[in-house]
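Some notes on the structure that comes next.
Numbers restart at 1 for each chain; the letters A, B, ... are given by sequence-line order, proteins then strands.
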Amino acid sequence: MPELPEVETTRRGIAPHVTGRRIVAVTVRQPRLREPVPPELAREAVGQAVETVARRGKYLLLGLPGGTIIIHLGMSGSLRVLADPGPVADRHDHVDIAFSGGRLLRFHDPRRFGIVTWTTGEPLAHRLLARLGPEPLAAGFDGHHLYLAGRQRRVAVKSLLLDGTVVAGVGNIYASEALFRAGIHPARPAGRISLMRYRRLADALGAVLTEALAAGGTTLRDFVDGAGRPGYFALSLEAYDREGQPCPRCTTPIRRVTQAQRSTYYCPRCQRG
DNA sequence: ACTGGATCCTGACTGC
DNA sequence: TGCAGTCAGGATCCAG
C-alpha cells in the first residue's frame, strides 16, 4: 500500500503527538508480521521518551535515547494516533504503543506484510535500511544516478524504479506515474535509456512524489493517515488504476500489463520509447 | 551478477 | 448464497 508519500504523510501526522512523549506500555497482540515483533521491543522501549520521528524510504523510525523502533507498513498497514484507552482493538490491530499524556499509537495491518521491530544500534546501518538507495526527494538524487544504476542492465525500467537499492520509497503507483510523465515505456530495458531521458524521469519522479505528498498521499483502498483520514492524490493519477480510460494527454485508452507480477499502467501512444 | 518467479497473508470483488 | 478464482500501495529468497 504505502509508498513514500503515504509513509511521509503518516510521519507528519503522528510526529506532533508522540515526540517528547514517554512510552508507558507496548501491547503486541499478534507478533507474526513479515518478521516476528521482537519481545525485547516492549521490554526495552517502555520508560523511554520518543525524541525523533524520522523516515527512510518506506520505513518509519521512532528514535528513543536507547534505541529505535523501526516500522514498515507493508501493503496494508497503517498507523493511527488514538486516545488511550482507544476503541476496542480489532483482529488486525497488532501493536499498540501507549504514551504518557493519554495517546495511543496503533499499528493496523490486515495482510501482515508490515514490520515492527527494535534496534539498539545505528538505525541507518540496520539490515533493513543499510542497502537502501538515495531518497528521491533529497539533493543528490538525479537522472545521472538512475542512468548509472541502469547501465548494463536489461531489466525493465519500471523494475529499476521499484528496486529499493536504486532509489528508496518508490512503489507501484509512483513508478507508473513517473514513467507516464516522462513519456518512457515501462518495459524499456534500463540500459537502453539515455542520460537525458533519465533526467526527465528523475524530475518527473520528484514532481509526482511532491504533489502526492501535498495531497496527503494516495488512497486506493485502505490507506489512512495518523488521524484516520484518506489521501486525495488518487484523483490526480494519470495512468495508475486507469485501464481503458482515456490518456489525459492524447485520449488513447490506458493499458495495463503485468511486469514482475505487478500491474503497470501506461499510455501506448505517449510512452513509446 | 542479474533476472524472473514464488512466497508470506487477508480481504474485496467477479463470475458462475 | 456460496464458492472458486483473481487481484491488491512490498520485499525477500530461490533457482537458473
Side-chain angles (χ1 to χ4, degrees), chain A residues 1-11 29-37 55-60 70-79 90-94 107-117 126-133 136 148-179 186-192 205 208-209 212-213 215-225 230-237 239-244 256-265:
Chain A
M1 118 197 198
E3 307 183 33
L4 188 155
E6 293 75 38
V7 178
E8 178 63 18
T9 294
T10 299
R11 189 195 70 77
R29 297 184 195 81
Q30 169 58 278
R32 299 182 55 196
L33 304 181
R34 194 174 103 210
E35 55 185 61
V37 180
R55 180 191 56 77
R56 175 77 174 99
K58 297 171 192 165
Y59 291 88
L60 284 168
I70 300 176
I71 299 172
H72 192 290
L73 301 177
M75 289 280 262
S76 56
S78 60
L79 275 178
D90 79 21
R91 65 195 232 93
H92 301 304
D93 291 333
H94 307 311
F107 176 82
H108 174 88
D109 185 10
R111 291 179 74 182
R112 291 196 270 126
F113 289 170
I115 292 176
V116 178
T117 194
H126 188 274
R127 68 188 155 76
L128 292 168
L129 310 181
R131 294 170 43 230
L132 290 177
L148 290 181
R151 256 194 336 192
Q152 314 282 71
R153 296 193 58 186
R154 278 172 297 189
V155 270
V157 60
K158 158 84 177 326
S159 297
L160 189 79
L161 290 178
L162 291 182
D163 182 345
T165 69
V166 170
V167 54
V170 180
N172 213 32
I173 294 179
Y174 302 110
S176 274
E177 291 298 303
L179 288 164
R188 182 149 189 98
R192 294 189 46 228
L205 181 60
V208 73
L209 293 174
L213 196 44
T218 299
T219 297
L220 292 176
R221 274 162 282 277
D222 49 15
F223 170 71
V224 289
D225 69 10
Y232 295 99
F233 195 69
L235 300 169
S236 304
L237 294 175
Y240 190 86
D241 207 24
R242 297 194 65 243
E243 182 182 16
R256 179 172 77 92
V257 294
T258 300
Q259 294 180 285
Q261 289 94 251
R262 315 290 303 277
S263 287
T264 301
Y265 298 84

> Whole-Å distance between C:dA11 C1' and A:L129 CG?
Replying inline: 13 Å
>> Is the phosphate of B:dG11 approached by A:R91 (side-chain N or O, under 4.0 Å from OP1 or OP2)?
In response: yes
>> Which nucleotide, if any, forms a Watson-Crick or G-U wobble pair with B:dC2, using both distances under 3.5 Å?
In response: C:dG16
> Which of these nucleotides, C:dG10, B:dC2, B:dG11, is closest to any side-chain atom of A:H92?
Replying inline: B:dG11
> Expressed in angstrom and rounded to an integer, what is the separation of A:M75 atom CE from C:dC7 atom C1'?
Replying inline: 9 Å
> Hey, which of these two, A:V155 or A:Q261, hits DNA chain B nearer its 5' end, going by closest nucleotide?
Replying inline: A:V155
> Can you name the nearest heavy-atom pair linking A:K158 to A:N172, along with the distance?
Replying inline: NZ-OD1, 2.9 Å
>> Regarding A:R111 and A:D222, does a basic nitrogen lie under 4.0 Å from an acidic carboxylate oxygen?
In response: no
> If you check every side-chain atom of A:Y59, which of B:dT3, C:dG10, C:dT12 has the closest atom?
Replying inline: C:dT12
> How far, in whole Å, is B:dT7 from C:dG5 if one measures between their P atoms?
Replying inline: 16 Å
>> Given C:dG10, B:dT10, B:dT3, identify the nucleotide with an atom nearest to the side chain of A:R112.
In response: B:dT10
> What integer distance in Å separates A:L33:CG from B:dC9:P?
Replying inline: 11 Å
>> Can you work out whether A:R32 or A:R221 has the more 5'-proximal nearest nucleotide on DNA chain B?
In response: A:R32
> Any idea which of B:dC9, C:dA11, B:dT3 is nearest the A:R153 side chain?
Replying inline: B:dT3
> Under 3.5 Å, is there an N or O donor on one side and an acceptor on the other linking the side chain of A:R111 and the base of C:dA8?
Replying inline: yes
>> Can you measure A:I115 atom CD1 to B:dC9 atom P for me and round it to whole angstrom units?
In response: 14 Å
> Does the ring of A:F113 meet both stacking tests against the six-membered base ring of C:dA11: centre distance under 5.5 Å and plane angle under 30°?
Replying inline: no
> Applying a 3.5 Å limit to both distances, which nucleotide forms a Watson-Crick or G-U wobble pair with C:dC7?
Replying inline: B:dG11
> Within a radius of less than 6.0 Å around CZ of A:R29, do more than 12 heavy atoms belonging to other residues, nucleotides or ligands occur?
Replying inline: yes
>> Just the rounded figure in Å: distance from C1' of C:dA8 to CG of A:D241.
In response: 10 Å
